[in-house]
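Take a look at the structure set out below.
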Amino acid sequence: MRIGITCYPVYGGSGVVATELGKALAARGHEIHFIANSMPFRLGPVSENISFHEVNVNSYPLFEYPPYTLNLTSKLVDVVRYEKLDVLHMHYAIPHATSAVLARQILAKDGIHIPVVTTLHGTDITIVGQDPSFAPVVAYSINESDGVTAVSQYLKEETANTCEVCTDIEVIPNFIDSSRFRRQMKDHFKAALCPNGEKVLVHVSNFRPVKRATEVVQIFEKLRGEGHPVKLLLVGDGPDRIPAEHLARELGVIEDIRFLGKQEPVEEILSIADVFLMPSGSETFGLAALEAMACSVPVVASNIGGIPELIVEGETGFMCDLGDVDGMTDRVRALLLNEDLHARMAAAARKRASEVFDNDVVIPRYEQYYQRVIAKSQVPA
Ligand code: GMT
């Protein structure tokens, strides 16, 4: 198939999923065209079956706010027309699905039919989709898509409950390349960061308030206060990084925390982790937790959103009520002190990630879904 993929290229889990999906589909022989305002950050060197089409944003003096949605629409029209695409796959409802629906209408005038698949990721529904200044456009763009997928059952239900959506939504979970995301020998790295053999807690996020990064620091401070030899690695950057740093200073634990900023490849850092922390206030799937699990790292997370579809409580990790810092500290302590428990959970986390969420299991579901949508939306001759 010839597939066009649009995503936010530099920020957030939806861009990561779209990029990894395109790479995996290309490896399976499909022709992939990324259409975005810059090169997706996880794309790497463009390979045989992958092309990148940059959306140029005009800065005409009248445009106080350059109309990116329309620039994207025009680019989609061109790429569908000249690259003879079979399907457009938009990640994140707005403006991507909106542009694709408009592009489809423009192309139909010339007798070109292009089905549009939209994947809902999270904040497009849980935040943006509920903002009255976007809600009608979000609902319209979803309803007008030829196919819609959501990354968890939770998100599917949330979409039905909170948006004026009247279309079927297919749940296709996020996925992982478990041959890349696996525990690697990183003894030198571990020795450099933990010269006295300390255990390692890791948190990876974009440090938006929803990630509750300051709770990670609180959990860490409680464990340090009890005298446990631990270090904390904070990976990523965003608005709550400075508050997290301030808190760490105030609590006197900054010396044992490394703020690593945005890092790739994250699997190398996860390879020295003992526990992954995700105390998020909202998480439709929790891709960062899946990456940790694939690297044999048990996850301690809040029991919200799509997390219970990923973590098997007490088997591959632990879940606590939102904001239950004491509860999460208890679970981390148990994992640090009980080697058998840790080994069992680490192995179970890896097993679940590689058996249930591996590329080889999930990517064919997208292929089958595209085929169904293309067949369903075929115009009779
Ligand atoms: O939170 C992010 O990193 C960005 C956000 C988004 O909407 O782009 O991510 C969402 O999509 C990811 C990929 O499907 C999911 O793994 C995240 O759980 C989800 N984030 C939230 O729901 C807050």
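One-based numbering, in listed order, for ligands and for the atoms of each. Note that this is a predicted model, so its numbers are computed, not measured.
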- prompt: So which bit of Y92 gets within less than 4.0 Å of ligand 1, heavy atoms only: side chain, backbone, both or neither?
  reply: side chain

field: Polar side-chain atom of N303 near backbone of M319 as donor-acceptor pair, under 3.5 Å
entry: no

Shortest reach to atom 21 (C) of ligand 1 by a heavy atom, considering only H121, E283, M278: E283

message: Below 3.5 Å, N or O to N or O, backbone or side chain included: is there any such pair between F285 and ligand 1?
response: yes

Shortest protein contact, atom 8 (O) of ligand 1 (heavy atom only): S14 OG, 2.9 Å

- request: Output the list of atoms in ligand 1 that are nearer than 4.0 Å to some heavy atom of N174, sorted by atom number.
  value: 13 (C), 14 (O), 16 (O)

message: Between H33 and I5, is the side-chain contact (heavy atoms from CB on, under 4.5 Å) condition met? List the steps.
response: CA-CA 6 Å; H33 295 265; I5 294 182; over 6 Å; no

Nearest option to atom 22 (O) of ligand 1, as decided by whichever heavy atom of V128, L120, T284 sits closest: T284

- prompt: Using the benzene-type ring in the case of Trp, are the ring centres of Y8 and H91 under 6.0 Å apart?
  reply: no

query: Taking the six-membered ring where the residue is Trp, are the ring centres of H89 and Y366 under 6.0 Å apart?
result: yes

message: Donor-acceptor pair, distance only, cut-off 3.5 Å: does the side chain of H53 make one with the backbone of F34?
response: no

field: Per-atom contacts, ligand 1 versus V151 - under 4.0 Å to a heavy atom
entry: 14 (O)

message: Between R352 and E315, does any side-chain N to carboxylate O distance fall below 4.0 Å?
response: no

query: Which ligand 1 atoms does G12 reach within 4.0 Å, using its non-hydrogen atoms?
result: 3 (O), 4 (C)

message: Quick check on contacts: which atoms of ligand 1 are under 4.0 angstrom from a heavy atom of T123?
response: 6 (C), 7 (O)

task: Between I304, L287, I307, T126, flag the one that comes closest to atom 16 (O) of ligand 1 by a heavy atom.
output: L287

field: Numbered atoms and elements of ligand 1 in range of N206, under 4.0 angstrom, heavy atoms
entry: 1 (O), 2 (C), 3 (O)

field: Residue and atom name of the nearest protein heavy atom (relative to atom 5 (C) of ligand 1), distance in Å to one decimal
entry: R208 NH2, 3.9 Å

message: Looking only at protein heavy atoms, which one is nearest to atom 9 (O) of ligand 1, and what is the separation?
response: G13 N, 4.0 Å

- prompt: Do E367 side-chain atoms and R365 backbone N/O form a donor-acceptor pair below 3.5 Å?
  reply: no

field: Output field: ring centroids Y60/F63 closer than 6.0 Å
entry: yes

query: Taking H203 for the side chain and V216 for the main chain, is one N or O donor matched with an acceptor at less than 3.5 Å?
result: no

- prompt: Identify the closest protein heavy atom to atom 23 (C) of ligand 1: which residue and atom is it, and at what distance?
  reply: S282 O, 3.3 Å

